[in-house]
Every structure is written in structure tokens, then in C-alpha cells.
Amino acid sequence: MAYLDSQKYTPAEETEIQSWLSKASSVSPDNSSLLNEINNTLATRTTALGTKPSKADIALYESLAPLVKSWTPEQRTGEHGHPNIVRLVDFVQNSPFFGLDVKDKVAVDVEDIRYVKPIVDAKAEKERLKKEKAAAAAAAAGGNADQKTLVDRTKEAAQTVVEKAVEAKNAVVEAVAGEAAAKPQKQKKEKKEKKGREPAPPPPPQVLSPCLIDLRVGHILKAIKHPEADSLYVSTIAMGDKPGTDDTTEVDGQVCRTVCSGLNGLVPLEEMQGRKVVVVCNLKPVKMRGIKSSAMVLAASPKIKEGEVDDHKGPVELVNPPADAKAGERVYFEGWAGEPEKVLNPKKKIWETFQPGFTTTDDLEVAFDAGVVEALEGKTGLGKLVTESGGICKVKSLTGAQVR
């Protein structure tokens with residue numbers, strides 16, 4: 001509880017906490033509408049307040065844990081179940097943030113997911129609605145095709161008059177052209193050649209900077225094991241994209257991308273649920289064992305010493321943005337702010353050029369070491385990885401690590 005006692009809350013957060021305490025006191029097996037409301041609200045939140053722990057989470061746990069313990073697997077994660085309530089209960093009883101000494105914990109199998117909501121392709125859905133609207137309009141127009149109004153008949157008459165006038169004009173032009181052909185033609189003056197326009201100057205050379213890499217805060221809504229690859233997780237991550245953006249889908253009211261990451265066996269699956277991460281958003285999408293991955297999750301691991309081979313055995317720690325960072329918030333290295341590329345051209349090797357400079361400090365802060373990037377020609381110094389709001393991105397325990 002020491003962690004919660006040190007937390008400070010805004011007046012708006014205090015009001016929300018009181019609202020949650022009221023809901024927690026009203027929880028009962030028969031109040032299905034309240035359970036549905038709580039489950040739906042938690043779909044996009046790690047805690048009752050979003051990401052910040054509070055006494056509201058403990059109150060919800062005390063009210064919900066007995067219910068979850070009695071639920072069948074179908075009631076927990078089935079089509080009409082309450083998976084987000086189950087996730088909150090499991091998070092509160094195991095997280096050190098709350099300091100609960102729970103003797104009889106609710107047993108939760110994070111891999112037992114009975115139902116996954118079908119993902120709706122936002123662009124395809126928009127196109128389908130557009131076609132339905134056009135078909136309805138065509139059907140309505142077809143029903144009145146034989147009923148010409150006075151305006152329609154007037155337009156047709158006017159068109160006939162115009163066509164006849166054009167025919168008469170063409171006849172006069174042809175007659176005049178015939179007379180002109182019979183007369184001797186005057187010699188035409190030679191036209192002076194126009195000077196061609198000078199070619200546009202070449203575009204300025206691209207500035208070499210890690211800012212070309214689009215780093216953002218991502219919120220993992222859910223993560224599962226890849227069905228065809230033992231080393232991969234498949235995560236659904238919100239990262240601030242606009243509706244209709246390529247390679248995105250809408251999940252629980254948020255625009256998300258699907259991301260495959262080689263973290264299975266290195267990071268527990270339960271640690272991938274409902275958490276904030278830092279993602280690389282402008283790498284070219286690639287298919288990984290049949291599933292298209294449209295971003296990359298940043299993680300730290302020990303640097304490989306000269307002569308050693310990377311056996312990918314870890315340890316691995318995810319890069320943590322500040323707890324109050326919002327999904328989609330831009331992340332950059334201090335001293336290297338700038339506009340990222342829309343999509344990194346694989347031929348230019350931008351990621352490969354700057355990634356060797358991604359590291360961690362003795363204070364567990366993620367940083368960019370310009371001195372190890374040959375393309376920067378002797379530039380030195382460390383720039384901390386920060387969010388636009390000023391928070392610093394860190395790792396749990398690895399110092400002097402590589403981050404990729």
C-alpha cells in the first residue's frame with residue numbers, strides 16, 4: 001500500500017475514484033448490467049483510472065474476485081463473458097503496486113480465451129456501406145424512371161435546340177473553310193522557338209537523424225501466442241492512428257495495428273496484457289508466418305560482446321513509457337527532435353544505421369548514443385528517450401543494454 005499512499009490524484013480523478021467505489025459496492029451476481037458496464041469500460045484501461053493504480057482497483061477486486069472465482073470458463077472469456085474484469089482481478093492480486101497479501105488467489109489461465117471478437121476492417125466496412133447506399137439510391141431512381149417531370153421534358157427540348165444550332169454552325173464553318181482554301185494562302189511567319197523551362201533543383205539531402213524513425217507510445221489491448229510460430233506473440237496495439245489508416249482495424253472503439261514480436265519465452269504473456277510500450281511505427285509491414293505485422297515493440301537485452309553469437313535467450317525487458325503517457329504520443333531522443341519519415345525505405349537502411357545507438361544508462365533510462373553511429377561523423381553525446389509531454393522512457397533493470 002506504500003505505493004498507493006504516495007500517489008497524488010487530480011480533483012477529476014478523485015471524483016472518478018468515488019464513482020468506482022460506488023459501483024464496487026453495488027456489484028452482485030444479479031446485477032448483469034453493471035457487470036457489463038464495468039467490463040466494457042475496462043476494455044481500454046489497465047486500471048480503473050486508465051493506467052494509474054488507486055484504491056478503486058482494490059475495492060473492485062474485493063467485490064469482483066468472489067464472482068470471478070465462481071464463474072465458468074465460458075462466463076469468464078466466452079462470447080458473452082467478462083474477460084476485462086478477469087484481467088483486472090488477476091492484475092490487482094499479483095501486482096506489487098497494490099501490496100495485497102492474497103492467500104487464496106483467483107486461478108486465472110491467461111491462455112484460456114474462449115472467444116475473440118472478430119476484427120472489422122474499417123476501410124472495407126466503409127466501402128461496403130458506400131456500395132449499399134449507392135444501390136439504394138439506384139433502386140429509388142429506377143422506380144421513377146418512367147415518370148418524366150416538366151423539368152425533364154424542358155431539358156430535353158432545350159438539348160434538341162442546342163444540337164440543331166451546333167449543326168448549323170458547323171455547316172457555316174465548313175463553307176467558309178472551302179472559300180478560304182480556294183484563295184492563295186499567305187506565308188506564315190516562322191515562330192520563334194521558346195526556351196524550355198530550366199529543370200527544378202534537386203531536393204535537399206535528407207538530414208541524418210534518429211528522428212526519421214517514428215517512435216510512439218503504444219497501448220497493448222491484448223496479446224496471444226502466434227498460432228503458427230512458437231517464438232512469436234501477436235498483439236493488438238493502439239498507437240494513435242486515424243480511422244481508415246492502412247493496415248489498421250477498429251477494436252473496442254480504438255484504431256489498432258496487429259504486431260508480431262519474438263518475445264514468446266522471453267516475456268511472460270500476462271505481462272503483455274493491457275500495458276504501455278514504445279513502438280516503431282514506420283517500418284514497412286511484413287508477414288510473419290502468415291500474419292501481417294505493422295509495427296515493432298521496443299525491448300532491451302544485453303549487448304552482444306565481440307566474438308559472441310546472439311542466441312536470443314535473453315533476458316529481455318520491454319521499454320516502459322511514463323504511466324500517464326497516452327497511446328499515440330510521439331517519442332523522441334533529446335537533441336534529435338524532428339519529423340519522421342512516413343514509411344522507412346528498406347533500401348536506405350535508416351533503422352539499421354541508427355539502432356546501434358539505442359542503449360540504456362546506469363539510471364535505467366533509454367537513450368541514443370551518437371558516438372557509436374558511424375554515419376554521424378564524430379558526433380557524440382547521449383540523448384534520453386522522452387515523450388512529448390516530457391516523461392522519460394525506462395527499463396526495469398538492464399543497464400548498458402541494446403534496445404531494438
Side-chain angles (χ1 to χ4, degrees), residues 1-27 34 37-66 68 84-103 105-106 108 216-222 237-238 240 254 267-268 270-278 317-331 360-361 363-366 384-398:
M1 293 292 287
Y3 180 84
L4 288 186
D5 293 339
S6 66
Q7 286 290 305
K8 295 181 179 179
Y9 304 98
T10 65
E13 288 173 336
E14 290 286 3
T15 301
E16 189 172 2
I17 288 172
Q18 293 304 317
S19 175
W20 278 112
L21 293 176
S22 175
K23 291 177 182 177
S25 64
S26 302
V27 167
L34 178 58
E37 179 188 346
I38 294 173
N39 185 71
N40 292 336
T41 304
L42 292 175
T44 57
R45 301 186 182 198
T46 304
T47 66
L49 294 181
T51 57
K52 186 183 292 187
S54 69
K55 61 184 179 182
D57 299 300
I58 296 177
L60 285 170
Y61 174 79
E62 292 172 347
S63 298
L64 294 169
V68 175
N84 302 311
I85 289 178
V86 176
R87 173 172 51 79
L88 178 74
V89 166
D90 192 44
F91 176 63
V92 173
Q93 69 182 1
N94 290 300
S95 174
F97 293 143
F98 304 100
L100 298 182
D101 185 17
V102 181
K103 301 297 183 184
K105 292 183 179 180
V106 179
V108 176
R216 302 184 215 162
V217 174
H219 182 195
I220 301 178
L221 300 189
K222 60 182 177 182
I237 307 179
Q254 294 196 71
V267 176
E270 55 267 24
E271 289 186 18
M272 297 287 292
Q273 310 296 332
R275 66 171 296 157
K276 299 289 179 62
V277 289
V278 175
E317 295 177 359
L318 296 175
V319 174
N320 297 310
D324 58 353
K326 305 296 183 184
E329 186 175 354
R330 185 63 54 81
V331 181
T360 59
T361 68
D363 296 324
L364 304 179
E365 298 169 338
V366 180
K384 297 177 184 178
L385 187 63
V386 297
T387 61
E388 282 184 323
S389 56
I392 300 174
C393 300
K394 296 185 175 183
V395 293
K396 187 177 181 180
S397 65
L398 294 175

Residue pair Gly391 / Pro322: nearest heavy atoms and the distance that separates them: CA-CG, 3.5 Å
Run the numbers on Lys55 and Ile17 for side-chain contact (heavy atoms from CB on, under 4.5 Å), then give the verdict. CA-CA 8 Å; Lys55 61 184 179 182; Ile17 288 172; 3.9 Å; yes
Does Lys105 NZ have over 12 foreign heavy atoms under 6.0 Å away? yes
One should read off an interatomic distance between Lys276 NZ and Thr387 OG1, to the nearest 0.5 angstrom, of 10.5 Å
Roughly how far, to the nearest 0.5 Å, is the CZ atom of Phe91 from the OH atom of Tyr61? 13.0 Å
Consider only side-chain N and O atoms of Ser54 and Glu13, and report whether a donor and an acceptor are under 3.5 Å apart. no
How long is the span from the CG atom in Asp363 to the CD1 atom in Ile392, to the nearest 0.5 Å? 9.0 Å
Pick from Val89, Leu88, Asn94: which one makes a side-chain contact (heavy atoms from CB on, under 4.5 Å) with Val92? Leu88
Ala327 and His219: which non-hydrogen atoms are nearest, and at how many Å? CB-CB, 4.0 Å
Closest non-hydrogen atoms of Gly240 and Arg216, given as atom of the first, atom of the second and distance, are C-NH1, 4.2 Å
Quick one: does Gln93's side chain have a donor or acceptor within less than 3.5 Å of a partner on Val102's backbone? no
Only pairs under 3.5 Å count here: list side-chain donor-acceptor contacts from residues 42-51, not counting sequence neighbours, and write none if there are none.
residue : atom : partner : partner atom : Å
Arg45   : NH1  : Glu16   : OE2          : 2.6
Arg45   : NH1  : Ala48   : O            : 2.5
Arg45   : NH2  : Glu16   : OE2          : 3.4
Thr46   : OG1  : Gly274  : O            : 2.1
Thr47   : OG1  : Leu49   : N            : 3.4
Thr47   : OG1  : Gly50   : N            : 3.3
Thr47   : OG1  : Thr51   : N            : 3.4
Thr47   : OG1  : Lys52   : N            : 3.3
Thr47   : OG1  : Lys52   : O            : 2.9
Thr51   : OG1  : Ala323  : O            : 2.5

Applying side-chain hydrogen bond (donor to acceptor under 3.5 Å, both in side chains) to Asn320 and not counting sequence neighbours gives Arg275
Over 12 non-hydrogen atoms of neighbours within 6.0 angstrom of NZ in Lys394: no
If you measure only the distance, is there a donor-acceptor pair under 3.5 Å linking the side chains of Glu365 and Thr360? no
Closest contact, heavy atoms only, Val319 versus Cys393: CG1-CB, 3.9 Å
Measure across Ala56 and Leu21 and return the closest heavy-atom pair with its distance rounded to 0.1 Å. CA-CD2, 4.1 Å
For Ser22 versus Ser26, what's the shortest heavy-atom pair and its separation? O-OG, 3.1 Å
For the CG atom of Leu34 and the CG atom of Asn39, what is their distance to the nearest 0.5 Å? 11.0 Å
Could you grab the distance from atom CD1 of Ile85 to atom CG of Asn40, nearest 0.5 Å is fine? 9.0 Å
Strictly by salt bridge (charged side-chain N to carboxylate O under 4.0 Å, His left out), give each pair with a member in residues 86-102 just once, sequence neighbours left out. Asp101-Lys103
To the nearest 0.5 Å, atom CH2 of Trp20 lies from atom CD1 of Ile38 at 5.5 Å
Is the backbone of Thr15 close enough, under 3.5 Å, to the side chain of Ser19 for a donor and an acceptor to pair up by distance? no
Is there a side-chain contact (heavy atoms from CB on, under 4.5 Å) between Val366 and Val395? Walk through the geometry before answering. CA-CA 7 Å; Val366 180; Val395 293; 4.1 Å; yes
Apply the test side-chain contact (heavy atoms from CB on, under 4.5 Å) to residues Val217 and Val331: give CA-CA distance (whole Å), side-chain angles for both, the deciding distance (0.1 Å), then the verdict. CA-CA 7 Å; Val217 174; Val331 181; 3.8 Å; yes
